[in-house]
Amino acid sequence: MPSPDNPAAHATVEHGVSSQDAASVPPIARRKPAARTHHGDTFLDPYAWMKDKDSAEVRDYVAAQNAYGEQRTAALGPLRDTLFNELTSRIQQTDMSVPTRMDGYWYFTRTREGSQYAVQCRLPIRGEDDWTPPEIDPLSEPGSMPGEQVVFDTNREAEGHDFFQVGGMDLSRDGRWMLYGVDTRGDERYDFRIRDLQSGTELPEVLEGIAGACITPDARWVFYTVLDDAWRPCAVRRHRVGTPVSADVEVFREHDERFWLGVGLSFDERNIVIGTGSKTTTEVLMLPAETPEGEFRAFIPREPDIEYDVSFARFEDAGEDGADIPLAVVYHNAFNPNFEIDVIDMRLHEPPYRLGEGVCIAQGSPYGCEQGDRVEPGASAKPIGTAYRNPANPAILQGARGLGIEGIALHRHYVALSYRADGMTHLGVMTKRDAAEDFLAGRPWRFRELLPPALEGDWDVPDSGVADSAENSGSLDSDTCFTGCFTQHGPSGASDTSGPSGSSADGLPDVTRRLYTIAAGGNPTYEAPRMRYTFSGYTRPGELHEFDPATGEDLLLKRARVLGDFDPRNYLERRMWITARDGERIPVSLVWRRGVALDHLPMFVTGYGAYEISSDPGFSVARLSMLDRGVLYAVPHIRGGGEMGRAWYEQGRRLAKRHSFEDFVDAVAALQDAGLADPERTVAVGGSAGGLLMGAVANLAPECFAGIEADVPFVDALTSILDPSLPLTVTEWDEWGDPLHDPEVYRYMKSYTPYENAPESPDDPRVARFPKILITTSMNDTRVLVVEPLKWMARLQAAGVDVIAKIEVEAGHGGTTGRYKQWKEVSFENAWCLRTMGVA
């Protein structure tokens with residue numbers, strides 16, 4: 001008789017089938033109830049034993065589930081291969097990045113067809129005034145250009161490893177010494193080494209199992225962060241290059257278990273900076289790089305529930321007699337929950353400084369924020385989408401809705417302001433000279449919004465001749481459909497009077513046509529005369545531009561190339577707004593193939609909604625295969641994210657977390673009720689905290705989904721957050737609440753945590769309509785421990801829910817490494833989604 005401790009054998013006995021048919025039924029996990037008691041409530045967990053992931057029983061169970069999943073998905077092989085071939089046929093596999101200047105070199109990345117990883121290369125600059133990237137043949141071999149040096153060939157370094165992740169690279173100012181870290185297990189503990197790029201040799205010392213590190217510009221010192229038993233970066237040590245690691249000195253320790261820390265160099269490389277913070281409080285400590293054996297001091301001492309950051313710059317030649325004006329630029333939320341930016345003239349007095357000192361040049365909207373009344377009486381009760389006006393703000397911020405200030409960068413020749421408004425990213429730019437004049441004159445800064453260039457002849461260009469009509473978009477006119485179906489969700493019942501930009505009569509878009517993400521990026525050098533910025537959208541591949549604020553010249557440096565017959569004009573995108581059950585208006589992005597009728601389509605819907613992380617528009621080559629098969633792609637931008645500023649986050653965390661799940665369900669239901677999507681062909685996808693979202697919405701509204709893909713899902717949130725010995729738990733209390741000490745938080749989390757609320761037996765009426773489930777997870781994940789999805793799967797399968805899993809044995813939270821491996825994974829996942837939607 002088979003041993004009952006063998007899951008696969010146990011499945012054979014339980015289901016009464018022959019051994020050759022055992023793989024056709026799920027492995028049945030052994031039940032061994034363990035009591036968990038808090039605040040007078042006892043929960044009997046039958047699968048708590050799975051916590052020991054290194055036990056033979058758990059390993060056998062994982063192997064059996066993988067075998068079962070492989071058997072169940074074997075028929076997907078041809079479709080998976082087709083999707084993989086479509087994906088790879090559209091990607092320029094031999095390619096290179098645009099060179100970026102840092103100190104005396106131009107750095108760039110090469111990829112080669114057939115190679116899993118990129119190759120880091122560099123060329124020496126041609127002179128101090130050389131700001132034009134060198135022209136390099138992307139088809140040439142790495143190291144073949146005159147003067148080209150291969151800095152790091154990840155393919156060679158990764159040989160012999162199933163998993164290989166680079167954890168950072170740092171270079172000395174002269175470009176000779178490189179500090180780099182690698183993780184070959186997936187547990188996010190990196191081994192750092194120092195390499196001489198002249199000789200290719202490495203120094204003997206190895207900093208093992210650390211979180212991160214930086215090297216001083218003169219390459220004499222390394223500062224690095226170490227982890228505690230809960231995987232928390234908790235302390236910074238100083239290492240003198242060329243000496244034993246055993247002689248290293250701890251220079252700072254963070255005793256508050258809610259705080260993580262990191263270490264690096266300031267942008268001007270004058271200071272070594274320690275940043276330490278919880279989800280709600282931050283502090284910056286500094287030490288001049290020229291005195292590395294000195295003592296770190298706080299720039300501004302931490303204050304509870306206050307976040308801040310600081311950078312340093314100067315107004316060149318703007319002071320008396322042409323002297324520079326030294327500046328401290330402080331980004332904080334001490335007085336405005338959606339943050340403000342203060343510029344401090346450091347000539348006025350010596351440190352220390354205080355929050356709120358200096359000239360405020362931009363501040364966010366307080367409307368809907370928990371602490372909004374501190375800024376403006378009654379602000380907290382106002383809708384998040386209320387237009388905000390502040391005479392101190394630049395003109396481009398006036399009247400913005402959901403305004404959040406995200407950061408500022410001051411370079412030698414320009415200033416860039418990043419902010420959010422109306423659920424989208426925005427970028428303001430101006431010359432440094434104008435900024436100095438405005439600062440000294442005490443007036444609002446004259447930023448201009450940088451808009452991404454339109455595509456010639458596209459549907460988002462006025463008078464382009466491309467009509468968005470029934471003839472082009474199918475049997476339904478898209479805008480007519482949205483207006484007719486969602487008028488009740490519009491602002492104050494207003495009809496859609498939007499023009500090509502999508503703005504309605506009151507300024508808040510009912511239907512937004514152009515969806516994109518824009519950001520300053522690739523600007524590591526203070527002296528660069530022009531600003532680089534990136535732009536991408538759901539239908540537009542990523543672009544890298546170089547913009548000159550002085551002349552307005554906008555130069556396209558690179559556009560990601562999609563091979564084959566791809567044309568962005570063949571795809572349409574819209575953002576519309578639905579009304580959630582509590583009255584809040586939720587933006588939803590939609591993408592589909594031109595010519596496909598918006599009529600009960602199969603729908604792929606994805607969301608996240610946590611940690612103030614926004615689900616911004618971005619291009620995906622793999623997505624094209626879905627769109628070309630008539631799938632509607634949807635992204636509800638639910639609360640808990642940061643799309644509409646800090647209030648959007650606050651209304652989807654802690655004791656308001658259920659808003660995230662309800663927003664998602666209400667958005668999906670609205671699309672289905674309007675006839676755009678079919679519930680029998682809707683698949684939802686989310687990962688990590690988005691995996692918690694998937695588990696929650698499956699419990700709340702199983703009738704809305706045919707299938708759910710949950711990637712590394714945080715589905716046993718309450719059990720994990722109750723255990724302070726686990727990685728991340730104490731730091732997560734600021735995000736979810738503290739159920740260990742607060743009975744109200746305990747009850748609230750128990751009401752939604754997916755594992756405890758999932759069907760437990762076939763008698764649960766939800767089982768008959770419960771969606772199919774695909775779980776992907778990794779054994780070495782330190783962020784969402786593998787026990788969570790394993791327990792969830794066991795409970796669902798015991799209830800009769802159709803669940804399969806793909807469990808990586810050698811990987812972490814981010815899954816496998818190597819681009820071809822990753823492409824195979826996404827092809828497998830999309831094949832499962834398409835089949836579940838009935839499209840395959």
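Residues take their numbers from the sequence shown, with the count starting at 1. Because only heavy atoms are used, hydrogens play no part in the values below, and waters and symmetry mates are left out as well, while side chains stay in.
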For Arg747, all residues meeting side chain to side chain donor-acceptor pair (under 3.5 Å), sequence neighbours excluded: none
If you compare all heavy atoms of Val375 against all heavy atoms of Pro337, which two are closest, and at what distance to 0.1 Å? CG2-CD, 3.8 Å
Check whether the ring centres of His637 and Trp648 lie less than 6.0 Å apart, and answer yes or no. no
For Tyr649 and Glu735, which I'm curious about, is there any donor-acceptor pair between the side chains at under 3.5 Å? yes
Cation-pi check, Arg795 to Tyr755: give yes when NZ or CZ is under 6.0 Å from the six-membered ring centre and within 45° of the ring axis, no otherwise. yes
Heavy atoms of Asn66 and Ala805 approach each other most closely as OD1-O, 3.9 Å
Salt-bridged, Asp742 to Arg654, with N to O below 4.0 Å? no
Just wondering, are more than 12 heavy atoms of other shown residues or ligands nearer than 6.0 Å to NZ in Lys772? no
pair Thr225-Ile210: side-chain heavy atoms closer than 4.5 Å: no
Hey, is the main chain of His161 close enough, under 3.5 Å, to the side chain of Thr184 for a donor-acceptor pair? no
Only distances under 3.5 Å count here; give the side-chain donor-acceptor pairs of residues 684-693 to other protein atoms, sequence neighbours excluded, each with its distance to 0.1 Å.
unit_1: Ser688; atom_1: OG; unit_2: His813; atom_2: NE2; d: 3.0

Okay, side chain of Ser380, backbone of Gly368: is any donor-acceptor separation there less than 3.5 Å? no
Atom pair CG/CD of Asp52 and Glu57 - distance to nearest 0.5 Å: 9.5 Å
Please confirm whether the backbone N or O of Cys369 pairs with a side-chain atom of Arg646, one donor and one acceptor, at under 3.5 Å? no
Derivation and outcome, side chain to side chain contact (heavy atoms under 4.5 Å, CB included), residues Asp54 and Arg59: CA-CA 7 Å; Asp54 294 321; Arg59 293 281 176 174; 3.2 Å; yes
Side chain Thr753, main chain Met749, donor-acceptor under 3.5 Å: no
Distance-minimising heavy-atom pair for Val284 and Tyr308: N-OH, 2.9 Å
Any ion pair linking Arg581 and Asp663 (charged N to carboxylate O, less than 4.0 Å)? no
Say you draw a straight line from OG1 of Thr281 to CG of Asp305; how long is it, rounded to the nearest 0.5 Å? 5.0 Å
For side chain to side chain contact (heavy atoms under 4.5 Å, CB included), just list the numbers for Phe604 and Thr682, CA-CA rounded to whole Å, side-chain angles, deciding distance to a tenth of an Å, and then say yes or no. CA-CA 6 Å; Phe604 180 100; Thr682 294; over 6 Å; no
Can I get a per-line list of side-chain donor-acceptor pairs under 3.5 Å for residues 694-713, giving both atom names and the distance, sequence neighbours left out?
unit_1: Asn699; atom_1: ND2; unit_2: Gly695; atom_2: O; d: 3.4
unit_1: Asn699; atom_1: ND2; unit_2: Pro754; atom_2: O; d: 3.2
unit_1: Asp711; atom_1: OD1; unit_2: Thr776; atom_2: OG1; d: 2.6

Are Arg36 and Thr719 close enough that a side-chain donor and a side-chain acceptor fall under 3.5 Å? yes
With sequence neighbours left out, what residues match Phe339 under ring pair (Phe, Tyr, Trp, His ring centres under 6.0 Å)? Tyr331
Any side-chain heavy atom of Met793 sitting closer than 4.5 Å to one from Tyr61? yes
Backbone of Ala379 reached by a side-chain donor or acceptor of Asp373 within 3.5 Å: yes
Min side-chain heavy-atom separation Glu254-Phe252 under 4.5 Å: yes
Distance, nearest 0.5 Å, that separates CG of Leu790 from CE of Met779: 7.0 Å
What is the distance from atom CZ of Phe192 to atom CG of Leu207, rounded to the nearest 0.5 Å? 8.0 Å
Could you tell me the separation between the CD1 atom of Ile586 and the CD1 atom of Ile578, rounded to the nearest 0.5 Å? 5.5 Å
Nearest heavy-atom pair of Ala213 and Tyr224: which atoms, and what distance? CB-CB, 3.6 Å
Quick check against the 3.5 Å criterion: does His659 have a side-chain atom that pairs as donor or acceptor with the backbone of Glu584? no
Looking only at side-chain N and O atoms, does Glu307 offer a donor or acceptor that is under 3.5 Å from a partner on Thr282? no
Verify the distance criterion only: is there a donor paired with an acceptor across the side chains of Arg420 and Ser614 at less than 3.5 Å? yes
Stepwise, does the salt bridge (charged side-chain N to carboxylate O under 4.0 Å, His left out) test hold for Lys750 with Asp41? CA-CA 10 Å; Lys750 189 173 183 181; Asp41 176 75; 2.6 Å; yes
Note, Leu655 side chain near Glu744 side chain (heavy atom, < 4.5 Å): yes
Let's go through Arg30 and Tyr47 carefully: what are the C-alpha distance in whole Å and the side-chain angles of both, what is the deciding distance for side chain to side chain contact (heavy atoms under 4.5 Å, CB included) to 0.1 Å, and is it a yes or a no? CA-CA 7 Å; Arg30 177 172 61 88; Tyr47 307 114; over 6 Å; no
Exam field: side chain Trp733 to backbone Ile721, donor-acceptor pair closer than 3.5 Å: yes
Just by distance, do the side chain of Asp764 and the backbone of Glu760 share a donor-acceptor pair under 3.5 Å? no
Rounded distance (nearest 0.5 Å) linking atom OH of Tyr611 with atom CG of Asp734: 11.0 Å
Over all heavy atoms of both residues, which pair between Asp162 and Thr817 is shortest? Give the atoms and the distance, please. O-OG1, 4.1 Å
Is the shortest heavy-atom distance from the side chain of Lys806 to the side chain of Glu825 under 4.5 Å? yes
Return the orientation label for the His332 and Phe335 ring planes: parallel under 30°, perpendicular over 60°, tilted otherwise. perpendicular
Mind checking whether Met603 and Leu671 have side chains closer than 4.5 Å, heavy atoms only? yes
Decide if the gap between the ring center of Tyr752 and the ring center of Phe661 is smaller than 6.0 angstrom. yes
Arg639 and Arg658, any side-chain heavy atoms less than 4.5 Å apart: no
Side chain of Asn338, backbone of Gly645: donor and acceptor closer than 3.5 Å? no
Taking atom CZ as the centre, does Arg681 end up with more than 12 heavy-atom neighbours from other residues, nucleotides or ligands that are less than 6.0 angstrom away? yes
Hits for side chain to side chain donor-acceptor pair (under 3.5 Å) against Thr37, two or more places apart or cross-chain, chain-then-number order -> Thr42
Has Glu808 got a side-chain atom pairing as donor or acceptor with Ser778's backbone, closer than 3.5 angstrom? no
Side chain to side chain donor-acceptor pair (under 3.5 Å): which pairs involve residues 783-793, sequence neighbours left out? Asp45-Lys791, Glu188-Arg783, Asp716-Lys791, Ser720-Glu788
Report yes or no: is the cationic atom of Arg31 (NZ for Lys, CZ for Arg) closer than 6.0 Å to the six-membered ring centre of Trp49, at no more than 45° off its axis? no
With a 4.5 Å cut-off on side-chain heavy atoms, are Ile384 and Gln651 touching? yes
Distance-only donor-acceptor check, side chains Glu680 and Gln672, under 3.5 Å: no
Within 45° of the six-membered ring axis of Phe259 and under 6.0 Å from that ring's centre, is NZ or CZ of Arg232 located there? no
Taking Trp736 as the fixed residue, which of Tyr748, Tyr746, Phe714 is the one that meets the ring pair (Phe, Tyr, Trp, His ring centres under 6.0 Å) rule? Phe714
